[in-house]
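Input: a single structure, listed below in structure tokens.
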There are 2 protein chains.
Amino acid sequence: MAHPEGTHTYRFASCMNTLPPSFLDELFRVSAVPDIISFAGGLPDASLFDVEGIKKAMESVFDDYGSIALQYTTTDGYRPLREIISRRYYSRLGLHVNPDEIQILNGSQQALDLTAKILTNPNDKILIERPGYLGAIEAFSFYRPSFSSINPDTEGPDPAELKNYIQSDNPVFFYGIPNSQNPSGLTWSDKRRKEVAEILSESDCLLYEDDAFGELFFDGKAREPVMKYLPDQGLMSGSFSKIIAPGLRIGWIRAPPQVLCAFNRAKQAADLHSNLFSQMVMTQYLEKNDIEQRTRMIAAKYGERCRLMIDLIEDLLSDSIHHTIPSGGMFLMLTLPGSMHSMNVFEHGIKEGVAVMPGIPFYIDDGGNSTIRLNFSASSETQIQIGMERLARVFHRL
Amino acid sequence: MAHPEGTHTYRFASCMNTLPPSFLDELFRVSAVPDIISFAGGLPDASLFDVEGIKKAMESVFDDYGSIALQYTTTDGYRPLREIISRRYYSRLGLHVNPDEIQILNGSQQALDLTAKILTNPNDKILIERPGYLGAIEAFSFYRPSFSSINPDTEGPDPAELKNYIQSDNPVFFYGIPNSQNPSGLTWSDKRRKEVAEILSESDCLLYEDDAFGELFFDGKAREPVMKYLPDQGLMSGSFSKIIAPGLRIGWIRAPPQVLCAFNRAKQAADLHSNLFSQMVMTQYLEKNDIEQRTRMIAAKYGERCRLMIDLIEDLLSDSIHHTIPSGGMFLMLTLPGSMHSMNVFEHGIKEGVAVMPGIPFYIDDGGNSTIRLNFSASSETQIQIGMERLARVFHRL
């Protein structure tokens, strides 16, 4: 053999050399270390999963469908599940979305991957928020786009900046999370949603509206999706990961027909179709349980934890540390004084037994050196209390 | 709004304009039309799924793990499942594969997508067999490679052609299915496996060995994987779809460490991780059932159906129609006389109530005009009898 074991030189696609450093998997690992209280991850609280209800749904899928649920299926997704999603778009948001406008995916992360795959060529511009969701930056980066990021004010992305970027960069799409953004926890105002739609409608730029958290407003009230004003230009992803169970990997995208057609093609090439059994279980579960009530219960719980965390930030941390005030979702963001570096806080935090998420991977520039994302959904109130005390010790030391 | 509904002009990635026409989803649909006997699809026989056994495994996952099975997890895959796959590589094939060399994926289709994603730039050469698996051609095409295809003789890919292509094209990888290939049903000889490994080892070209059918040899005996001779250059994908249940979407890739590391990164960006619940169910199922015995039973059954189909081809069809003689898997291939076109056979077949798969999407040139793939795994012996009689009528008419 020409190459003794271990000496082969591999050729990789160019994208592998230009990816940003990876944080996600590392975080899942840190979050799993015992005794560490982790505010770093992005997990929903597993104790709020309806294990019994899901088990019952599984049993009835077996009893009603047997081997059909274990066979191959078409790429678009289980039709009764798409019908439920369609009905919920109407009941929750007043949106008319045909089931045929919906493609089932492996969690909404897959929507991020496939969107960039079907829409972007290398060096095409993608607009994101600043900060922006790291999983989106990661997924998009494989297609080697050029990123620009838009600063928010208190109501959402700055309209003047958005208009400038669209004129100067001709971006393929603008990716944003209008509801309880990850990582900032901020929500766009109703007025700003209309302004953003208006600006985009004057251009060819599509909107990718990531709605991972729209069902987790603490007050239980839905906000108007931007897509409502922009049906032809709006892609909107959703997910059952935050409100039912992420392990089943069921999300979806709503897109205009031509775009959905490309999505379907890309999904088929990527993995043929999503887990049919899980799709049928989800359908049964949604049909037989009051998911709206359950979602309100989860959102209210996260709201209590968020308020506790904010109270502790204000009680225990220095006034020079600013925090956002989320109205929903799972995250809030701290902004540090200029003298502190987020990686320092992270490293000292681990030693003190508390994990936080440095802002770094959420920025395409160096803004993340002075921000930290905190997750409040995955910890009990006791853990939040202890974890914030540990974090206070870290801040006092630095 | 600048664009009244339905008039927006979309920009797509260049790959969307260069994809070959799609057949896969269309086929699933045709296969689902009642009264049509379909030899066109690629389904395992759902009546051979162990529904009760899988249901028991699901129940025990709920009872033993509860909400853990419904939570997010790490990208690499459930460790106990990777350990079982590792042990089976040793017990079945004598291969030492560390669980850390394995990445769990959504069926082996995802391995095809991610392989091209991490290894190829636009216009890079990929070598495939002629004919080659259409799902691979489809998955790779999104990354805009340049394809070359190698003709087989009775023992596998022609060594002289392989050597020439490697020297002239400098391909990034050679994709092949040495065991009961899809669509031809052919299996590489042991001697040819060594020759292919020897040729590749003198180059930088990786081997992607798709082992979807290695457990379905009718005689129940495993064949030596090419990867055995080429551990540093060999990627090998496997799947539980053919032997347990495709609806659970569990496959995997074995790759050298550097390549696996890139795989993990790409998988994380693509969909974070595979369905944890399904991974745990598969693990429980494999631990508590004699899967080797079950696999032999399924393979023997498919062998009977294959022999029946071949007998009927020889009895009912003209001698000018040649067929391959598979020793395993789910497919055989017909070669038509020059006067017949595979699309004609397909179209007349649908009218006659039998669906066949035209060879077209398996070729990067026009070889598919004179070949047809027949699936024998998804039909009962009665269906094979009736379907072949219908097909005979089509051939007599043409």
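Each chain gets a letter, A, B and so on, in the order its sequence line appears, and its residues count up from 1.
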Closest-packed option against chain B by number of heavy-atom pairs under 4.5 Å, given [options]:
options	result
Ser47(A), Ser67(A), Gly107(A)	Ser67(A)
Leu48(A), Ile137(A), Val172(A)	Val172(A)
Ile68(A), Val61(A), Val51(A)	Val51(A)
Phe49(A), Phe173(A), Phe277(A), Phe62(A)	Phe62(A)
Ile118(A), Leu114(A), Leu276(A)	Ile118(A)
Met280(A), Met16(A), Lys55(A)	Lys55(A)

What residue in [options] has the most heavy-atom pairs under 4.5 Å with chain A?
options	result
Ser108(B), Ala139(B), Pro257(B), Gly251(B)	Ala139(B)
Cys15(B), Ala69(B), Ala266(B)	Ala266(B)
Ala136(B), Pro171(B), Ala116(B)	Pro171(B)

Counting distance only, does the side-chain N/O of [X] pair as donor-acceptor with the main-chain N or O of [Y] below 3.5 Å?
X	Y	value
Asp63(B)	Gly66(B)	no
Gln109(B)	Gly135(B)	yes
Ser377(B)	Leu43(B)	yes

Please classify the contact between [X] and chain B as side chain, backbone, both or neither, with a heavy-atom cut-off of under 4.5 Å.
X	value
Pro44(A)	both
Ser14(A)	both
Leu112(A)	neither

If you take the centroid of each ring, where Trp contributes its six-membered ring, are Tyr143(B) and Phe142(A) closer together than 6.0 Å? no
Side chains of Ile250(B) and Phe240(B) in contact at under 4.5 Å (non-hydrogen atoms):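 A side-chain contact exists here, since the closest heavy-atom pair is under 4.5 Å.
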Test Leu235(B) against every option in Leu260(B), Leu230(B), Ile253(B) by the side-chain contact (heavy atoms from CB on, under 4.5 Å) rule and name the one that passes.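 Exactly one candidate clears the test, Ile253(B).
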If the plane angle is over 60° it's perpendicular, under 30° parallel, otherwise tilted; pick one for Tyr78(A) and Tyr65(A). perpendicular
Quick one: closest heavy-atom pair of Gln110(A) and Ser274(A), and the distance?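 The pair with the smallest heavy-atom distance is OE1-OG, 4.4 Å.
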Side chain, backbone, both or neither of Ile54(B) within contact of chain A (heavy atoms, under 4.5 Å): both
Matching residue for Lys267(B) among Thr75(B), Asn106(B), Asp76(B) - test: side chain to side chain donor-acceptor pair (under 3.5 Å):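 That would be Asn106(B).
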